[in-house]
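Single-structure report; data block below.
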Amino acid sequence: MVTITPQDHRSGGPPRLGVVGAAGRLGARVVQECDRHGLAVVWTATRTSWPTRQDGDAVPTVVVDASRGDVLPRTADYCRSVGAALLVCASDIGPAQRRAAADLSTEVPVVLAANLSIVNWLQHQLVRTAAALSARLPEVPETSVLERHTTAKRDRPSATARSLAGVWETAGAGRTHEIASYRAGLPVSEHRFALGFAHETLTIIHDVRDLGPAALGALTAATWIHRGAPRLWTGTELFDEILLPDSSATPRGSASVT
Ligand SMILES: NC(=O)C1=CN([C@@H]2O[C@H](COP(=O)(O)OP(=O)(O)OC[C@H]3O[C@@H](n4cnc5c(N)ncnc54)[C@H](OP(=O)(O)O)[C@@H]3O)[C@@H](O)[C@H]2O)C=CC1
Ligand SMILES: O=C(O)C1=N[C@H](C(=O)O)C[C@H](O)C1
């Protein structure tokens, strides 16, 4: 079993974190989780405060951007100026932001993480497996995604819903028929991936009630990419690397999130 706890798996000292959007729901939770795990947060940025001092231990080795998509180019410039890796949490990432992330990833590791919960990674694996097996079934299922978030969420459909549909399509199982969203109810989110057959439906549901799992996933991803080689990752690819021992030749330590 792989135990997951945020810890450094490379030489060169522990990570020093920067957090953009540190006053927001996810950003504040990431800072709190760092405190709980003894990880240093040496730099934080909010809409009204973006410190530019850059010396010694006050310089982060990895920045977690938990703000919003249109902030990403500024965060990327900051990461470039200090040589920090970047973990992007925001869900409203468009082509311009993707380009900024891709450009930066030629210099440092960059992760575009639609959903940082490890259990959501498991949901992606289940959808991928269902897609791979669907060609062997007597009928091809018609798939759909229903996602719910609180009224505070600005964008729709969620990045996770689009990513689940992407996994189905990339596996060659066809297009997802519809992605539907609604905004109501308790924190945090539900993602229902449904496979509809003629007289039955199989639904793979991920129901999340707290931002703790996402914050913990952020710490795990951040500690993993800290001082890594330049590369652009999706969150799913990074968790594949951490959790599936045979998926690549990269040596790994005990990846950690407890
Ligand atoms: N990948 C994942 O697992 C998860 C991703 N998310 C995504 O993360 C993002 C943030 O979500 P959430 O925390 O709920 O949203 P919030 O609105 O609570 O937090 C965003 C924060 O970023 C701040 N901000 C805005 N502009 C800037 C700027 N230029 N510089 C620094 N900070 C800035 C906002 O300030 P102000 O309020 O003043 O605008 C706010 O404090 C969303 O895109 C959400 O979908 C959320 C949860 C999990
Ligand atoms: O609360 C949010 O906002 C979240 N957004 C992400 C998304 O758009 O997929 C991940 C998670 O659903 C929480």
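We use all heavy atoms of the structure for the numbers below, so side chains are in, but hydrogens, waters and symmetry mates are not. When a ligand or atom number is given, it counts from 1 through the structure's own listing order. As the structure is a prediction and not an experimental result, all values here were calculated from the model.
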Check whether any N or O atom of Lys153, backbone or side chain, sits under 3.5 Å from an N or O atom of ligand 1, and answer yes or no. yes
Would you say ligand 1 has an N or O under 3.5 Å from any N or O of Trp50? no
Report the part of [X] in contact with ligand 1, treating N, CA, C, O as backbone and CB onward as side chain, heavy atoms under 4.0 Å; options are side chain, backbone, both, neither.
X: Val20; answer: side chain
X: Val71; answer: side chain
X: Ala66; answer: backbone

Shortest reach to [atom] by a heavy atom, considering only [options]:
atom: atom 5 (N) of ligand 2; options: His191, Lys153, Arg148, Arg154; answer: Lys153
atom: atom 43 (O) of ligand 1; options: Ser91, Ala218, Gly24; answer: Ser91
atom: atom 17 (O) of ligand 1; options: Arg154, Arg29, Arg68, Arg156; answer: Arg154
atom: atom 9 (C) of ligand 1; options: Ser158, Ser67, Ala113; answer: Ser67

Tell me, which protein residue and heavy-atom name are nearest atom 9 (O) of ligand 2, and how many Å apart are they? Thr160 OG1, 2.5 Å
So if I count the atoms of ligand 2 from 1 in the order they appear, which ones are less than 4.0 Å from some heavy atom of Ser189? 12 (O)
Considering the heavy atoms of Ala114, write down every atom of ligand 2 situated less than 4.0 Å from one of them. 6 (C), 7 (C), 9 (O), 10 (C)
Can an N or O of Ala159 be found at a distance shorter than 3.5 Å from an N or O of ligand 2? yes
Please determine whether any non-hydrogen atom of Leu211 lies less than 4.0 Å from an atom of ligand 1. yes
